[in-house]
Each structure stands twice: as C-alpha cells, then as structure tokens.
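These numbers come from a predicted model, not from an experiment.
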Amino acid sequence: LAQTPVEKIVTKYEDVKGSKELVAKGAKMVFARALIKQTPVAPIADDVTELAVLKMANASKSDQKMFYNDLMTALKGYQYCGRHDSRNGTVDVYIMKGDGGMVEELVIYNPRIHSLNSLKGSFTTQELLDIRK
C-alpha cells in the first residue's frame with residue numbers, strides 16, 4: 001500500500017525500543033474518532049479516515065535524534081502551517097494537499113514530547129483554519 005512520507009516514519013520507528021504507536025483505520029476509527037473529539041481538532045474528527053500516532057519520548061536519545069532527522073526530511077514535502085499552543089506544549093502543524101486543493105493529511109508534531117500525529121482524510125483549508133478560532 002502507498003504510504004505518505006510521515007506514515008513511512010511511523011512504520012520505520014514503530015518497533016524501536018521505548019516507542020509507542022497507534023494506527024487506526026477502518027472499524028478502529030470508531031474508537032479513534034472518540035479520542036480525536038477530545039482534542040482541539042475535534043471539528044474534523046468525522047472526516048478523519050486514518051489516524052497514526054507515534055510517541056518517541058521513552059526512546060533512547062540517539063533514536064530520538066534519528067527519528068527527528070528522518071521526520072524533518074519527510075516533512076520537506078509538506079506545507080508548514082505554523083506553531084500552535086496545545087495543552088502539551090507548542091506543536092508544529094503541517095499539511096499535505098492532494099489534487100483538487102483538498103488537504104489529505106494533517107500532521108501535528110510536538111518536539112517537547114517527541115509526539116507525531118498524522119490525520120488522513122479530506123479536509124478543506126477553511127475547516128482547518130476554523131479550528132484555530
């Protein structure tokens with residue numbers, strides 16, 4: 001199956017000692033949407049078709065550094081949308097647009113806790129801008 005660059009990072013690091021990952025799609029999205037609805041991105045929860053989360057906080061410092069370097073390389077193909085405050089610190093937000101201008105992937109990275117979130121679906125730019133309000 002075709003993976004986005006960020007999904008490849010999740011796959012690459014999912015078995016690293018100290019990492020934690022969650023990938024939800026299909027029927028698992030029922031439970032994942034319930035979790036998403038408890039976050040600031042709740043307004044787009046119903047449009048998310050796949051969720052991937054990778055947490056590297058408990059990985060070794062060398063694994064965290066390799067993860068970060070690989071992630072920054074992968075994110076070169078994404079549009080950076082800025083920093084936003086969250087309850088777990090400041091996060092960096094990236095998007096990948098598909099054909100037709102719809103956003104197909106929303107990526108949220110928290111460098112303080114080494115947490116990566118990828119939400120795939122079909123979102124309008126306006127829907128994402130409305131989240132900030």
> Quick one: CG on Leu106 to CD on Glu104, what's the gap to the nearest 0.5 Å?
Replying inline: 12.5 Å
> Between atom CG of Asp47 and atom NZ of Lys120, what is the distance when rounded to the nearest 0.5 Å?
Replying inline: 15.0 Å
> How about Tyr13 and Asp70: does a side-chain donor come under 3.5 Å of a side-chain acceptor?
Replying inline: yes
> In terms of side-chain heavy atoms, does Tyr78 have a donor or acceptor partner in Glu105 at a distance below 3.5 Å?
Replying inline: yes
>> Please check: side-chain N/O of Arg112 versus main-chain N/O of Thr90, any donor-acceptor pairing under 3.5 Å?
In response: no
> Within the side chain of Gln38, is there an N or O that forms a donor-acceptor pair under 3.5 Å with the backbone of Leu35?
Replying inline: no
> Between the side chain of Gln64 and the main-chain N/O of Met56, is any donor-acceptor distance below 3.5 Å?
Replying inline: yes
>> Can you tell whether the side chains of Lys37 and Asp46 come within less than 4.0 Å, N to carboxylate O?
In response: yes
> Does a salt bridge link Lys20 with Glu14, judged by any charged N lying under 4.0 Å from a carboxylate O?
Replying inline: no
> Are Gln3 and Thr11 close enough that a side-chain donor and a side-chain acceptor fall under 3.5 Å?
Replying inline: yes
> Does any donor atom in the side chain of Tyr80 or Asp92 lie under 3.5 Å from an acceptor atom in the other side chain?
Replying inline: yes
>> If the threshold is 4.0 Å, N to carboxylate O, is there a salt bridge linking Lys17 and Asp63?
In response: no
> Is it the case that one hydrophobic cluster holds both Val48 and Val91, taking links as side-chain heavy atoms less than 4.5 Å apart, direct or via other members?
Replying inline: yes
> Just by distance, do the side chain of Ser115 and the backbone of Pro111 share a donor-acceptor pair under 3.5 Å?
Replying inline: no
